[in-house]
Amino acid sequence: MDTKDLLKKVRKIEIKTRRLSDHIFSGEYHTSFKGRGMTFSEVRQYQYGDDIRAIDWNVTARYNEAHVKVFEEERELTMMLMVDISGSESFGSKNQFKKDIVTEIAATMAFSATQNNDKIGLILFSDQIELYIPPKKGRSHVLRIIRELIEFEPKSKKTDLAQALKFLSGTQKKKAIVFVISDFMASGYEQTLKIAAKKHDVTGIRVYDIREEKMPDLGMVPMLDAETGAIELINTGSKAVRTSYEKHYHDRVNYFKETFSKSGSGVVNTRVDESYVTKLLSYFKSR
């Protein structure tokens, strides 16, 4: 993709996702994800209805009039976007790839964080850490994240979520809001998720395509494994083959839901042909 096309694509995504975050998500995001605590702001005269526990007795004695301490939320947070860029993300039907929806969701989350003056960082992962952008604030930083999401070419097509979560725990020492965006066609990450979820506020956003759920009966078909690059002849006419495929798929999905729920993390499921806006809003409101 040349620079002109890339900038055009970045701009298109910015316009769409910024509008969503400005009008829909920023308020919900602010309400759902609280700051680190309360920080002292000022002292003012006591007003009827103020909590008497907030009275500043030193100032009250000095002025011979009741004064209270005012605190405000220490808002600044860090959001980490962990995005799966393995081969399976390039799957798509109905004119939309999972990768495109993943990019839009990540951009929407990033602009929502920017609206709240929070920092945003990015981890792109396959079965290794493909790219790490440390958390920073500002529009130009978000545009860099979107640019990487669009054009970054992974070295590997496989997935290892455990490795990515381990990297997160190693690099983010303070509590962060973490969105893991993937199709979660992986396993073996239960322990590392448990460790990460103890420190961070983690949400898994599963993006999937309806065509992945069932294997159609098309007879003998050459199929490409997006994660290994191997092409195999598969007899889709065999009921046993179709059943085995569906079992493998649903085992992975159930593992994702159970593992995230057990660790106290949030779960969002959105299909590429559904409105991820509705799914995310409903998730924010339920928190």
Item to check | F256 and F184 aromatic ring geometry - parallel, tilted or perpendicular at 30°/60° bounds | outcome: parallel
Checklist entry - Do F152 and I120 sit in the same hydrophobic cluster, where Ile, Leu, Val, Met, Phe, Trp and Tyr count as joined when their side-chain heavy atoms come under 4.5 Å apart? => result yes
Item to check | SB check E213 R271 (cutoff 4.0 Å) | outcome: no
Item to check | salt bridge (charged side-chain N to carboxylate O under 4.0 Å, His left out) assessment of K175 paired with D201 | outcome: CA-CA 7 Å; K175 182 181 178 178; D201 187 335; 5.0 Å; no
Checklist entry - Should the pair E151-K9 be classified as a salt bridge under the 4.0 Å nitrogen-to-oxygen rule? => result no
Checklist entry - Does K262 pair with E258 as a salt bridge, N-O distance under 4.0 Å? => result no
Item to check | Salt bridge flag under 4.0 Å for residues R44 and D50 | outcome: yes
Checklist entry - Between E104 and Y276, is any side-chain donor less than 3.5 angstrom from a side-chain acceptor? => result yes
Item to check | T108 side chain to T17 side chain, donor-acceptor N/O pair below 3.5 angstrom | outcome: no
Item to check | Residues K137, D118; criterion side-chain contact (heavy atoms from CB on, under 4.5 Å); working and verdict | outcome: CA-CA 6 Å; K137 294 181 183 183; D118 294 340; over 6 Å; no
Item to check | Salt bridge flag under 4.0 Å for residues R53 and D51 | outcome: yes
Item to check | Distance-only donor-acceptor check, side chains D127 and S156, under 3.5 Å | outcome: yes
